[in-house]
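Scroll down for the structure; my scribbles are underneath it.
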Amino acid sequence: MIAKIGRSENLYGALAYNNLKVENENGQILFANKMIETANGHYSVAQLAQSFAPYLIANRNTEKHTLHISLNPDPKDNVDDDKFREMAEEYMREMGYGEQPFVVFKHTDIDRSHIHIVSVCVDEEGKKISDKFEKRRSMNVCRELERKHDLIPATDKERQQNDKIFRPVDYQTGDIKSQIASVIRHLPKYYQFQTLGEYNALLSLFHITTDKVEGELQGKFQQGLLYFALNDKGEKVSHPFKASLFGKDAGISALELHFEKSKENLKNFPTKQTVKSAVTMALQSTSDEQTFKKQLGEQGINVVVRRNDTGRIYGMTFIDHNSKTVWNGSRLGKELSANTFNDFWNNNIKPEIKEPSQPQQKVSHSNDEDNLSSEKPHQLFDFLNTDKHEDGLIEALGGLLPEAQGEDYEELDFANRMKKKRKYKRGQK
């Protein structure tokens with residue numbers, strides 16, 4: 001079993017994301033610890049938040065007070081609801097949060113059975129609960145739960161392998177080919193995407209882009225893909241690598257099969273409505289691009305904005321790391337197409353959008369977002385809510401990719417932040 005611990009300052013976002021699953025019948029509340037009960041057993045986000053309010057009011061100086069934890073058994077494990085409840089209680093107790101209010105959500109929109117736990121890490125007096133050696137303690141608790149409940153153990157080899165899979169390319173360290181290979185050989189196994197534009201949006205999170213090339217060779221029409229490494233600004237910084245260097249799964253033929261398979265799988269995919277609702281809520285409740293991205297990022301959804309040379313937004317893509325799905329805005333709904341965001345963020349025209357109420361929506365397609373062969377899909381990627389691309393990716397992926405343990409990412413994230421603090425302090429002297 002793999003546990004992921006995410007921290008943020010947005011309690012509402014964590015509760016809203018999980019409760020949307022419940023409202024859309026893609027999840028359920030399994031257990032509530034020290035939570036205010038409701039008459040009918042159903043909760044709104046506001047009702048859930050009431051139980052945490054005294055702790056946040058008493059909070060002294062802990063910025064990231066919200067815990068969003070996922071417990072992910074092996075897909076082959078058969079874990080019923082009673083066992084999930086027991087494991088959640090044991091995990092929280094052993095990690096020092098047993099006396100905290102927390103709510104346990106089970107997600108049912110994907111085949112892999114897993115739960116999410118939302119809580120706060122400050123006690124009733126506003127003091128932060130110690131997270132010393134948290135990573136090590138969490139691993140020990142998981143190993144104990146595996147033994148107690150006869151679960152398939154997550155081995156060190158599996159964790160190390162998955163850590164390497166989801167690491168952004170750093171062109172300055174060299175061996176770019178190997179770094180690109182470790183990403184593109186595995187992404188289609190985890191994520192569903194329907195177009196080359198959506199694939200490029202996902203690749204951009206890892207400092208990679210691909211271009212489609214076509215031509216005639218010895219009288220025969222040929223087409224293929226070239227892969228490039230990107231810098232923090234989304235600019236190509238490496239020579240092109242032919243897809244054939246990475247195996248047949250990285251080529252255009254295999255990807256087109258993946259597009260078709262994803263298109264069929266996502267036709268009536270239950271998470272689509274959850275993602276659409278989250279995007280709509282963020283659009284309604286924010287007034288600028290960065291706040292919009294930050295709110296969705298805290299719910300595990302990255303936003304990739306594509307702009308042309310004049311700054312016009314011609315593409316919006318939403319990457320939900322919870323369900324491992326990639327969505328063009330227009331595919332979620334016409335009202336979430338690139339034009340809506342361009343009018344809002346570039347022309348200050350606030351969209352009038354009603355919260356969707358039906359779980360199934362007709363899929364719409366937008367030529368300006370799906371047909372990107374003539375555009376530069378890597379241009380001006382500005383999708384993260386932190387100053388550093390890698391810091392933001394660590395924060396986004398670290399708690400949301402159960403397959404990739406994220407333990408090295410947490411250490412790197414902490415080290416990067418400490419470096420920033422030291423530089424800041426030296427600058428004050």
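Sequence positions, counted from 1, serve as the residue numbers for this chain. Keep in mind it's a predicted model, so treat the numbers as computed, not measured.
The pair E235-K233 fails the salt-bridge criterion, with no side-chain N (NZ, NE, NH1 or NH2) lying under 4.0 Å from an Asp/Glu carboxylate O. At a threshold of 4.0 Å, the pair E94-K148 does not count as salt-bridged, since none of the basic side-chain nitrogens sits closer than that to a carboxylate oxygen. Looking at K267 and E264, a side-chain N of the basic residue comes within less than 4.0 Å of a carboxylate O on the acidic one, giving a salt bridge.
Aromatic ring orientation, H116 versus Y17: tilted (interplanar angle from 30° to 60°).
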Original post:
salt bridge (Lys or Arg N to Asp or Glu O under 4.0 Å) between E298 and K294: does it pass, once the steps are laid out?
Top reply: CA-CA 6 Å; E298 290 173 343; K294 186 175 188 296; 2.9 Å; yes

Original post:
Between E335 and K276, is a salt bridge (Lys or Arg N to Asp or Glu O under 4.0 Å) present by the stated rule, with each step listed?
Top reply: CA-CA 10 Å; E335 68 275 19; K276 181 177 181 179; 3.4 Å; yes

**OP:** Applying side chain to side chain contact (heavy atoms under 4.5 Å, CB included), run through R7 and L67 and close with a yes or a no.
**Re:** CA-CA 5 Å; R7 296 175 183 273; L67 292 171; 3.4 Å; yes

Subject >> From CA spacing to verdict: ring pair (Phe, Tyr, Trp, His ring centres under 6.0 Å), Y227, F246 >> reply: CA-CA 10 Å; Y227 287 87; F246 307 112; 5.7 Å; yes

**OP:** Output, in order, the C-alpha distance, side-chain angles, deciding distance and verdict of salt bridge (Lys or Arg N to Asp or Glu O under 4.0 Å) for E146 and R143.
**Re:** CA-CA 5 Å; E146 288 169 349; R143 301 297 79 78; 2.9 Å; yes

**OP:** Go through the steps for I5 and M95 under the test side chain to side chain contact (heavy atoms under 4.5 Å, CB included), then give the verdict.
**Re:** CA-CA 11 Å; I5 305 175; M95 293 299 294; 4.1 Å; yes

Original post:
Going through the checks in order, is the side chain to side chain contact (heavy atoms under 4.5 Å, CB included) test met by L245 and I180?
Top reply: CA-CA 10 Å; L245 294 173; I180 293 177; over 6 Å; no

Subject >> Stepwise salt bridge (Lys or Arg N to Asp or Glu O under 4.0 Å) test for E144 and R147 >> reply: CA-CA 5 Å; E144 180 60 31; R147 288 189 291 270; 2.9 Å; yes

**OP:** Start with the C-alpha gap between F341 and V305, add the side-chain angles, then the distance that decides, and say whether side chain to side chain contact (heavy atoms under 4.5 Å, CB included) holds.
**Re:** CA-CA 9 Å; F341 291 90; V305 181; over 6 Å; no

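Side-chain polar atoms of E198 and S262 form no donor-acceptor pair below 3.5 angstrom. For the 3.5 Å distance criterion, the side chains of S323 and D320 qualify, holding a donor opposite an acceptor. Residues Q273 and N24 bring no donor and acceptor atom of their side chains to less than 3.5 Å of each other. N72 and S70 share a donor-acceptor pair across their side chains, judged by distance under 3.5 Å alone. With no hydrogens or angles considered, no side-chain donor-acceptor pair links H258 and D249 at under 3.5 Å. In this model, a donor atom of one side chain and an acceptor atom of the other lie less than 3.5 Å apart for H321 and N302.
Judged by distance alone, the side chain of E124 and the main-chain N or O of P54 form no donor-acceptor pair under 3.5 Å. Side-chain atoms of N19 come within 3.5 Å of backbone atoms of Y43 as a donor-acceptor pair (strictly under, hydrogens ignored). Panel note: side chain N26, backbone H107; no donor-acceptor pair is recorded below 3.5 Å. Formation of a donor-acceptor pair under 3.5 Å by the N339 side chain with backbone atoms of K334 is not found in this model.
Residues F344 and T286 come closest through the heavy atom pair CZ-O, 3.7 Å. Between C142 and A3, the shortest heavy-atom contact is SG-CB, 3.5 Å. Residue T195 comes nearest to R331 through the heavy atom pair CG2-NH2, 3.4 Å, listed as atom of the first residue, atom of the second, then distance. When every heavy atom of I129 is checked against every heavy atom of G96, the shortest pair comes out as CG2-O, 3.7 Å. Across V122 and Q100, no two heavy atoms sit closer than the pair O-NE2, 2.8 Å. Of all heavy-atom pairs between F318 and I301, the closest is CB-CG2, 4.1 Å.
The 12-atom threshold is not exceeded at CG of N78, counting heavy atoms of other residues, nucleotides or ligands nearer than 6.0 Å. Around atom CD of E25, no more than 12 heavy atoms belonging to other residues, nucleotides or ligands sit under 6.0 Å away. For NZ of K83, the number of neighbouring non-hydrogen atoms (other residues, nucleotides, ligands) closer than 6.0 Å is greater than 12. Within a 6.0 Å sphere centred on OH of Y12, other residues, nucleotides and ligands contribute 12 heavy atoms or fewer.
Residues I319 and V326 form a side-chain contact, since some pair of their non-hydrogen atoms from C-beta on lies under 4.5 Å apart. At a threshold of 4.5 Å between non-hydrogen side-chain atoms, the residues T210 and L203 count as touching. Under the 4.5 Å side-chain criterion, counting only non-hydrogen atoms from C-beta, L151 is in contact with V79.
Atom CG of L187 is separated from atom CG of L202 by 5.0 Å, given to the nearest 0.5 angstrom.
Screening D82, D80, D81 for a salt bridge (charged side-chain N to carboxylate O under 4.0 Å, His left out) involving K106 leaves a single residue, D81.
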